[in-house]
Amino acid sequence: MTSPCRTRPGHYHNQHSVTNRIFLFVSCFILIPRQIFPAPFAVATSTCSAETNGLAYVQNNNRNQEPRKLMRAWMCHRRTHREMIDKLASAGIVKSPINIEALLKVDRKNYVLNEDYAYEDSPQPIGYGATISAPHMHAHVLEDLLPPLLKATKDYPEKPLRILDVGCGSGYLTAVFGRMVERKPKSLSHMNIMNNGKVFGIDVVPQLVELSRKNILKEDGDLLESGVVQVMTRDGWKGYPEGGPYNAIHVGAAAETFPKELMKQLALGGVMVIPVGPDGGIQYLYRVERVGEAGDIVGVKDSKGFHEDDFNVFRVLGVRYVPLVRAE
């Protein structure tokens with residue numbers, strides 16, 4: 001079981017590379033196992049930390065150790081939607097029946113530009129410098145975000161769940177989240193093990209928000225009509241506080257630093273999955289868990305500022321994402 005890495009002040013050094021920038025469409029080359037870190041960890045005296053603007057986290061206990069590959073990227077290619085999901089499940093990447101059911105309900109072909117590549121386990125360009133991530137990355141995200149949703153359901157069985165999808169892009173994962181928390185038919189109500197809820201998909205590019213809306217309307221339009229899913233133009237760095245606090249936040253683009261405004265929008269017990277690292281440099285996918293309420297919880301407690309001890313941070317995977325763009 002992993003231990004949390006505590007935060008300390010620091011900053012990231014930008015390392016831009018023209019060569020690396022052309023590979024920004026790739027979401028993940030090497031998948032790195034979860035690291036076990038000592039807690040608390042004195043980052044200030046360590047040479048094995050990744051420093052970010054205002055926050056610093058341990059990245060590797062041994063910088064000379066080669067990361068072990070858990071699987072080869074793009075090994076889940078299949079010819080049909082069902083075959084793609086079955087391959088992800090047989091590879092042990094998606095495990096929960098809830099996630100498998102939600103993935104089966106949302107056909108990826110409706111969310112890519114070229115249907116011929118809809119079921120390839122690789123990222124696909126969707127225009128405006130953005131991509132739809134590879135299916136195995138979406139599966140990893142769903143598995144990391146399901147536990148806080150189940151816990152919130154158990155702790156507050158009557159309270160609707162809230163999910164924020166930052167960088168909704170073509171709308172695919174936003175729709176999958178919607179299927180997870182949609183209201184089930186009365187005939188299946190006895191099988192519900194997770195609360196109903198709402199999903200907010202945001203993107204800084206208005207054209208991508210419109211693309212998300214059009215794609216969702218193809219076969220998942222009931223999610224928009226019922227109000228389970230909303231998509232809108234917003235700055236991902238600032239999130240959407242009006243919809244919070246959130247039990248789960250997914251960020252689909254790499255932030256150079258940990259966005260404090262997003263972290264403050266997590267509910268107590270909530271989890272954010274976010275890639276962090278400089279544009280064209282080393283990036284990792286992190287799981288940020290809210291374990292305290294000394295600081296702001298947007299929508300619940302404001303004006304208390306940001307408290308780093310409210311959060312535990314775990315490194316999950318080595319990744320490569322397009323950058324999280326700020327509104328101009």
Side-chain angles (χ1 to χ4, degrees), residues 27-28 31 34 70-71 73 75-78 80-112 118-121 123 132-154 160-185 188 191-201 216 219-220 222-223 228-229 246-252 269-275 285-289 314 316-317 319:
S27 67
C28 181
L31 306 188
R34 298 172 190 270
L70 295 185
M71 61 165 283
M75 291 295 288
C76 294
H77 301 309
R78 280 300 181 262
T80 69
H81 177 223
R82 179 76 197 216
E83 287 180 354
M84 183 188 75
I85 306 305
D86 286 347
K87 181 62 176 179
L88 290 169
S90 64
I93 302 172
V94 60
K95 304 172 184 177
S96 166
I98 293 177
N99 288 335
I100 292 172
E101 180 184 4
L103 285 167
L104 286 171
K105 288 181 177 179
V106 182
D107 197 328
R108 195 168 183 262
K109 75 176 183 182
N110 295 321
Y111 297 87
V112 297
Y119 309 122
E120 288 197 2
D121 192 15
I132 176 174
S133 294
H136 73 266
M137 286 306 303
H138 284 151
H140 278 292
V141 166
L142 292 171
E143 289 296 315
D144 268 335
L145 290 179
L146 182 60
L149 297 174
L150 293 175
K151 186 176 187 308
T153 295
K154 180 180 178 181
L161 298 169
R162 317 285 276 191
I163 301 174
L164 179 65
D165 187 19
V166 177
C168 57
S170 68
Y172 175 70
L173 200 58
T174 306
V176 174
F177 285 136
R179 292 303 180 197
M180 292 172 67
V181 299
E182 67 181 338
R183 187 173 297 277
K184 306 298 187 295
L188 299 178
M191 299 175 60
N192 286 354
I193 59 174
M194 195 161 71
N195 290 355
N196 302 322
K198 291 199 68 171
V199 180
F200 301 90
I216 294 172
E219 292 184 5
D220 302 297
D222 58 295
L223 294 174
V228 171
V229 167
Y246 298 102
N247 306 105
I249 298 178
H250 164 251
V251 183
V271 170
M272 175 170 67
V273 174
I274 178 173
L285 192 71
Y286 289 89
R287 188 177 77 248
V288 179
E289 301 178 353
F314 302 82
V316 183
L317 303 171
V319 295

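None of these values were measured; they are calculated from a predicted model. Heavy-atom basis, side chains included; hydrogens, waters and symmetry copies ignored.
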Report task. Using a 4.5 Å cut-off on heavy atoms from C-beta on, say whether the side chain of L149 contacts that of I163. Result -> yes
Query raised in the report: If you round to the nearest 0.5 Å, how far is CD1 of I100 from CG of L88?
Result: 9.0 Å
Report summary line: Between V228 and G197 the two heavy atoms that sit nearest each other are CG1-O, 3.9 Å
Query raised in the report: Can you tell me how far CG of L103 sits from OG of S96, rounded to the nearest 0.5 angstrom?
Result: 10.0 Å
Report task. Using side-chain contact (heavy atoms from CB on, under 4.5 Å) as the criterion, list what pairs up with P275, not counting sequence neighbours. Result -> V251, A254, L285, V319, Y321
Query - Exam field: side chain S133 to backbone H138, donor-acceptor pair closer than 3.5 Å - result: no
Query raised in the report: Which pair of non-hydrogen atoms, one from I93 and one from A139, has the smallest distance, and what is that distance?
Result: CG2-CB, 3.6 Å
Query raised in the report: According to the side chain to side chain donor-acceptor pair (under 3.5 Å) rule, which pairs have a member within residues 171-182, sequence neighbours left out?
Result: K105-E182, D165-T174, R179-E182, R179-D220, R179-D222
Report task. Check whether any side-chain heavy atom of D144 lies under 4.5 Å from a side-chain heavy atom of V271, and answer yes or no. Result -> no
Query raised in the report: Rounded to the nearest 0.5 Å, what separation is found between the CZ atom of R82 and the OH atom of Y119?
Result: 13.0 Å
Query raised in the report: H136 versus H140: any side-chain heavy-atom pair under 4.5 Å?
Result: yes
Query raised in the report: Hey, are the side chains of D121 and K87 touching, using non-hydrogen atoms and a 4.5 Å cut-off?
Result: no
Query - Test item: V94 and L142 side chains (from C-beta on) under 4.5 Å apart, heavy atoms - result: no
Requested in this report: Compare all side-chain heavy atoms of M180 with those of M194 and state whether any distance is below 4.5 angstrom.
Outcome: yes
**Report entry** Exercise: identify the closest heavy-atom pair between A175 and Y111
**Finding:** CB-OH, 3.4 Å
Query raised in the report: Out of curiosity, E143 CD to N99 CG, how far, rounded to the nearest 0.5 Å?
Result: 4.5 Å
Requested in this report: Specify the closest pair of heavy atoms between A118 and M84, including all atoms of both residues, with the distance to one decimal.
Outcome: O-SD, 4.2 Å
Query raised in the report: Of the non-hydrogen atoms in F177 and V141, which two are nearest, and what is the gap between them?
Result: CZ-CG1, 4.4 Å
Report summary line: Between the OH atom in Y286 and the CE atom in M272, the distance rounded to the nearest 0.5 Å is 12.0 Å
Report task. Kindly write out the residues that satisfy side-chain contact (heavy atoms from CB on, under 4.5 Å) with N110, not counting sequence neighbours, or none if the list is empty. Result -> D107, K218, E219
Query raised in the report: Taking the side chain as C-beta and beyond, is there a heavy-atom pair between H250 and L145 under 4.5 Å?
Result: yes
Query raised in the report: Counting N and O atoms only, with roles assigned by atom type, does the side chain of H81 sit under 3.5 Å from a partner on the main chain of V106, one being a donor and the other an acceptor?
Result: yes
Query raised in the report: Quick one: does N247's side chain have a donor or acceptor within less than 3.5 Å of a partner on R162's backbone?
Result: yes
**Report entry** Interatomic spacing from CD in E83 to OG in S90 - rounded to 0.5 Å
**Finding:** 11.0 Å
